[in-house]
Amino acid sequence: MNKEIQPKTKVVKFQCASCKTTFDIDSTYHADVCHIDICSNCHPWYLGKTNTASVKGKSEKLNNKFMAGKAFNDNKQPASTKKVKTTNSKKISSFNEIESEEE
């Protein structure tokens, strides 16, 4: 690699505008201080650590999927006990007709 064409790096101080935290990072930035809007300390969604969720194997995922389907089918009602919705074939055009039918 040609050393003449490589960018020069130096330690630059990055300063957060909201919480005033500073970080010293090796960078090619031209100034000594770089002002950033938000950092990892004051960002509302930053967790501060990597997600260490347990990694499941393919067979465990498949078994969980089948168990969820089985639990869903166990909670469903059988087709014979479902209530059938009946509809009234008469069409009523006004409120007066409803009152006359009740009498």
Side-chain angles (χ1 to χ4, degrees):
M1 234 201 256
N2 192 350
K3 290 188 179 192
E4 296 172 4
I5 61 170
Q6 297 302 317
K8 304 289 184 213
T9 61
K10 62 180 178 178
V11 176
V12 178
K13 186 177 284 194
F14 286 83
Q15 184 176 15
C16 179
S18 16
C19 68
K20 305 297 184 212
T21 305
T22 59
F23 302 96
D24 292 332
I25 300 173
D26 194 28
S27 175
T28 59
Y29 190 68
H30 57 84
D32 291 333
V33 177
C34 179
H35 298 282
I36 54 176
D37 294 332
I38 195 162
C39 68
S40 62
N41 290 337
C42 58
H43 195 279
W45 290 351
Y46 185 71
L47 299 175
K49 57 185 174 185
T50 58
N51 189 3
T52 57
S54 63
V55 178
K56 294 184 178 180
K58 290 183 180 181
S59 61
E60 290 178 28
K61 287 182 183 180
L62 187 63
N63 286 337
N64 289 341
K65 186 184 287 189
F66 282 119
M67 294 304 288
K70 185 177 179 183
F72 177 76
N73 286 335
D74 291 344
N75 291 334
K76 286 173 59 175
Q77 291 180 347
S80 61
T81 61
K82 285 186 178 179
K83 293 183 181 178
V84 178
K85 196 175 197 181
T86 58
T87 58
N88 191 357
S89 60
K90 267 187 171 177
K91 290 187 178 181
I92 301 172
S93 61
S94 69
F95 186 71
N96 293 335
E97 291 179 20
I98 295 172
E99 289 179 353
S100 63
E101 285 181 5
E102 291 177 356
E103 296 171 358

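All values reported here derive from a predicted model rather than from experimental measurement. In this chain, residues are counted from 1 in sequence order.
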Atom OG1 of Thr21 and atom CD1 of Ile36: how far apart are they, to the nearest 0.5 Å?
8.5 Å

State the CD-SG distance between Gln15 and Cys34, to the nearest 0.5 angstrom.
10.0 Å

Which atom names give the shortest non-hydrogen contact between Val11 and Asp26, and what distance separates them?
N-OD1, 3.9 Å

For Lys10, what residues pass the salt bridge (Lys or Arg N to Asp or Glu O under 4.0 Å) criterion, not counting sequence neighbours?
Asp32

May I ask you to decide if Asp37's main-chain N or O and Ser18's side chain share a donor-acceptor pair within less than 3.5 Å?
yes

Is Phe23 reachable from Ile38 through a run of I, L, V, M, F, W or Y residues, each pair having side-chain heavy atoms under 4.5 Å apart?
no

Starting at CG of Asp24, measure out to CZ of Phe14 and round the result to the nearest 0.5 Å.
10.0 Å

Quick one: pull up CG in Asn63 and CE in Met67 and give me the separation to the nearest 0.5 Å.
8.0 Å

NZ of Lys20 to SG of Cys42: how many Å apart, nearest 0.5 Å?
10.5 Å

Counting C-beta onward and ignoring hydrogens, is there a side-chain heavy-atom pair between Val12 and Ile25 closer than 4.5 Å?
no

